[in-house]
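Note sheet for the following structure.
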Amino acid sequence: MLIYNTFSRKKEEFEPVNPPAVTMYICGPTVYDYFHIGNARSFIMGDIIRRYLIFRGYRVKFVMNITDIDDKIIKKAAEEKTDTSGIASRFSDAFLHDLEKLKINQADVFPRATEHIEEIIDVIKKIELNGAAYDGLDSIYYDISKFREYGKLSGKKLDELESGARVEVNSAKRDPLDFALWKKAKPGEPSWESPWGPGRPGWHIECSAMSMKHLGESIDIHCGGNDLIFPHHENEIAQSEIATGKKFVKYWLHFGFLNIQEEKMSKSLGNFFTAREILGKYPAEALRLLYLQTHYSGPLSFTEDLLISASKGFERIKNFALLIKENINSSPAYGESRFDFEKYRLKFTEVMDDDFNTPKGLAVFYDFIKDANSFIQNNKPGKEFFREAYELTKAIGETVFGIVHFDEINAKTEAGIESKLIELLIEMRQQAKLDKNYKLADEIRLKLGAIGVTLQDSKEGTTYRITV
RNA sequence: GGCGGCGUGGCCAAGUGGUCUAAGGCGAAGGUCUGCAAAACCUUUAUUCAUCGGUUCAAAUCCGAUCGCCGCCUCCA
């Protein structure tokens, strides 16, 4: 299996440190607001990569941090005249809720910065002990001159960075690129006790501390958005490697941006849709499908039309899943079942093994659906066929991609009074059709459609589907 | 200024030296079925890969130049 590693800028053979165990960390949100669909792209693609690793037999421990103390939260709390913990808990609840709606599997751990103050302090102490921290009056800073390899992830050269660095006003930093490990509290700011006085952790340090605590000092995969490469991930490396003397991360994965009208979607530009807004109008699966259609590392220009197209694709997938579900128990025990399922499974694995090529993986899935539909039309497949079709659809569509949810598909109500009533109406409509009373026949179909029952006429008679 | 990415059919997008007269999705056109729909399937829809040169037996894929777009270098997924 190949993974593109930002660190080497090459695709590398994936060899976790302790297979089949894989340790994976993804940078989660700062909970000061609802997240937008650009953020969602990272969360969804991270989720799919994790799912695929599991599908391939790895035992993945997946950690996603929640930054619940930070300048933005302090600012928001001040605006709303409330405390930071109130803001943090409100938006972290919203975050977890929206993740679930997006069909993103729960992380094994969702560590929060404020619950890891001890661990954070310990890491800072180690950095201090190794001579890479200094007291800059308002903060304890990391001294990047102590880490020779600074810039190795982002490929930046120190002198170039420094000439381009913007001048900060009133900075107590020795070097503009130094960054805060611990920010001393100003009056009225939330704070925790520390050897350097009351204060709060800097932004980068929490990821180092929590990654180490939950996954160990060296981990396999660390991922996040492209914009985190510098300075966030660069700083994480600097801190962690000075503290432990060990390589922090083996594979760095970065997600491309979601652009809107040729610009990066971002809070500060105000050109965003929150995940909530989108979920109010389109199924989560459509958004996942849209993201699957582009490779995770490249940019994606978002328009609502693309989401509409993806919704149509999702309809086709859903109809297929429904067909499978309807037939898995009702089809004859014996029938033509010579269909090469293995071909698709192998192809899927082959293309996904190449740096999680989801557009190709999806193409394999669509090929399978088309071929299977065609097979069903041209043969009389039995239970065995539908059972295998179910397995494969479940593996690719549900387990890995999270775009098929068999449990949520409304198969026909089993022999309930409702289905009897529907069948009664179908019979009456059949009579109307025989009488050439198409007006009545169409009215029955239309009205049933309005309440979520779709009728489908075919040679074998009329069938119905519940589509709500 | 430094670094990185991108430009493929009406739209999205994969492919990065030969199997590419270029996967897949959406859209469009025709067809099967049908009273009409719906669903599904079948057929058609790029001899061409921003432009211009070059390397090669062979290029969308490598090299150079040009044009256009985006991102990072400051908080940001």
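So that the names make sense, note that chain A is the first sequence line, chain B the second, and so on, each numbered from 1. Note: hydrogens, waters and symmetry copies are ignored here, and every other heavy atom, side chains too, is used.
B:G5 and B:G17 have their C1' atoms separated by 22 Å, given to the nearest Å. B:U55 and B:G15: their P atoms are spaced 29 Å apart (whole Å). Separation of the P atoms belonging to B:C70 and B:A29 is 35 Å when rounded to the nearest angstrom. To the nearest whole angstrom, the two P atoms, one in B:C63 and one in B:G4, are 13 Å apart. Rounded to whole Å, the separation between the C1' atoms of B:U44 and B:G9 comes to 13 Å. B:G7 and B:A14 have their P atoms separated by 8 Å, given to the nearest Å. On the P atoms, B:U19 is 32 Å away from B:U66, given to the nearest whole Å. Rounded to whole Å, the P atom of B:A13 lies 24 Å from the corresponding atom of B:G18.
Under 4.0 Å is where a charged nitrogen must lie from a carboxylate oxygen, and between A:R445 and A:D442 at least one such pair does. A salt bridge does not link A:D367 to A:K347: none of the charged nitrogens lies less than 4.0 Å from a carboxylate oxygen. Ion pairing of A:D47 with A:R51 is present here, as a side-chain N (NZ or NE/NH1/NH2) and a carboxylate O approach within less than 4.0 Å. Under a 4.0 Å N-O distance rule, the pair A:K360/A:D353 does not qualify as a salt bridge. A salt bridge links A:K281 with A:E304: the distance from a Lys NZ or Arg NE/NH1/NH2 to an Asp or Glu carboxylate oxygen falls below 4.0 Å.
Counting non-hydrogen atoms under 4.0 angstrom, A:E262 reaches the backbone sugars and phosphates but no base. If you check every strand for non-hydrogen atoms under 4.0 Å, A:N373 touches sugar and phosphate atoms only. Nucleic acid contact class of A:D442 (heavy atoms, under 4.0 Å, all strands): base. Looking at heavy-atom distances under 4.0 Å, A:K370 makes contact with sugar-phosphate atoms alone, never a base. A:K267 comes within contact range of no nucleotide atom at all, as no heavy-atom separation falls under 4.0 Å. Note on A:L258: a base of the nucleic acid sits closer than 4.0 angstrom, heavy atoms only. Using a 4.0 Å heavy-atom criterion, one finds that A:R445 contacts the bases of the nucleic acid, with or without backbone contacts as well. At the heavy-atom level, A:D70 lies nowhere under 4.0 Å from the strands shown. Within 4.0 Å (heavy atoms only), A:F255 reaches no atom of the nucleic acid at all.
Stacking of A:K267 on the aromatic ring of A:F272 is recorded, both the 6.0 Å distance cut-off and the 45° axial limit being met.
Aromatic rings of A:F401 and A:F348 (six-membered ring for Trp) have centroids within the 6.0 Å cut-off, being under it. Centroid-to-centroid, the aromatic rings of A:F341 and A:F385 come within less than 6.0 Å. Between A:F147 and A:Y142, the ring center distance fails the sub-6.0 Å criterion. The ring of A:F91 has its center closer than 6.0 angstrom to the ring center of A:Y34.
Residues that satisfy the side chain to side chain donor-acceptor pair (under 3.5 Å) test with A:D68, not counting sequence neighbours, are A:T114. Every salt bridge (charged side-chain N to carboxylate O under 4.0 Å, His left out) that A:K184 has, sequence neighbours left out, goes to A:D135.
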Quick one: side chains of residues 305-324 of chain A, donor-acceptor pairs under 3.5 Å with protein atoms, not counting sequence neighbours, listed by atom name and distance.
from: A:S309; atom 1: OG; to: A:D305; atom 2: O; distance (Å): 3.2
from: A:S311; atom 1: OG; to: A:L307; atom 2: O; distance (Å): 2.8
from: A:N319; atom 1: OD1; to: A:R465; atom 2: NH1; distance (Å): 3.4
from: A:N319; atom 1: ND2; to: A:E315; atom 2: O; distance (Å): 3.3

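Atoms NZ (A:K312) and P (B:A39) sit 10 Å apart, rounded to a whole Å. Here B:A23 presents its P atom at 17 Å from OH of A:Y366, a figure rounded to the nearest Å. Separating the CD atom of A:E443 from the P atom of B:A38 is a distance of 19 Å, rounded to the nearest angstrom. If you measure from atom CG of A:D354 to atom P of B:A23, you get 19 Å, rounded to the nearest angstrom. B:C75 atom P lies 9 Å from atom CG of A:N235, rounded to whole Å. Going from atom CZ of A:R429 over to atom P of B:A37 covers 13 Å, rounded to whole Å.
Heavy-atom distances to RNA chain B give each of A:S458 and A:H204 a nearest nucleotide, and the one nearer the 5′ end belongs to A:S458. Place A:L455 and A:A363 on RNA chain B by their nearest nucleotides, and A:A363 ends up nearer the 5' end.
For A:K394, the NZ atom counts as densely surrounded, since its 6.0 Å shell holds more than 12 non-hydrogen atoms of other residues, nucleotides or ligands. Heavy-atom neighbours of A:E80 CD from other residues, nucleotides or ligands within 6.0 Å: above the threshold of 12. Other residues, nucleotides and ligands contribute at most 12 non-hydrogen atoms within 6.0 Å of the CD atom of A:E100.
Counting only residues at least two apart or on different chains, the side chain to side chain donor-acceptor pair (under 3.5 Å) pairs with a member in residues 249-263 of chain A are A:T6-A:H254, A:H233-A:H254. The salt bridge (charged side-chain N to carboxylate O under 4.0 Å, His left out) contacts involving residues 430-440 of chain A comprise A:K433-A:D457, where partners must be two or more places apart or lie in separate chains. Sorted by first and then second residue, the salt bridge (charged side-chain N to carboxylate O under 4.0 Å, His left out) pairs involving residues 26-43 of chain A (not counting sequence neighbours) form an empty list. Screening residues 225-237 of chain A for salt bridge (charged side-chain N to carboxylate O under 4.0 Å, His left out) gives A:D227-A:K264 as the qualifying pairs, with residues at least two apart or on separate chains.
Taking every side-chain heavy atom of A:K360 into account, B:G15 is the closest of B:G15, B:C75, B:G2. For A:Y438, taking side-chain heavy atoms from C-beta onward, the closest of the listed nucleotides B:G35, B:U74, B:C70 is B:G35. Of the candidates B:C75, B:C41, B:G35, B:C41 carries the atom nearest the A:R316 side chain, counting heavy atoms from C-beta on. Closest approach to the A:N259 side chain among B:C72, B:C70, B:A14 is made by B:C70 (side chain taken as heavy atoms from C-beta onward). For A:K433, whose side chain is taken as the heavy atoms from C-beta onward, the closest listed nucleotide among B:C72, B:G24, B:G35 is B:G35.
Looking at residues 38-53 of chain A, you'll see A:G38, A:N39, A:S42 sit with a heavy atom under 4.0 Å from some atom of RNA chain B. The stretch residues 99-111 of chain A has no heavy atom under 4.0 angstrom from RNA chain B at all. Near RNA chain B, meaning a heavy atom under 4.0 Å from it, residues 289-302 of chain A has A:Q293, A:T294, A:H295 in order of number.
Residue A:K264 places at least one side-chain N or O under 4.0 Å from the OP1 or OP2 atom of B:C72.
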Secondary-structure string, 5' to 3', Watson-Crick or G-U under 3.5 Å, | for another-strand partners, for RNA chain B: ((((((((.[[[..)..(.....]]]((((((.......))))))....[[[[[..)....]]]]])))))))....
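Between the side chain of A:D457 and the base of B:C36, at least one donor-acceptor pair of N or O atoms lies under 3.5 Å.
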Which pairs, protein N/O on one side and nucleotides 8-11 of chain B N/O on the other, fall under 3.5 Å?
none

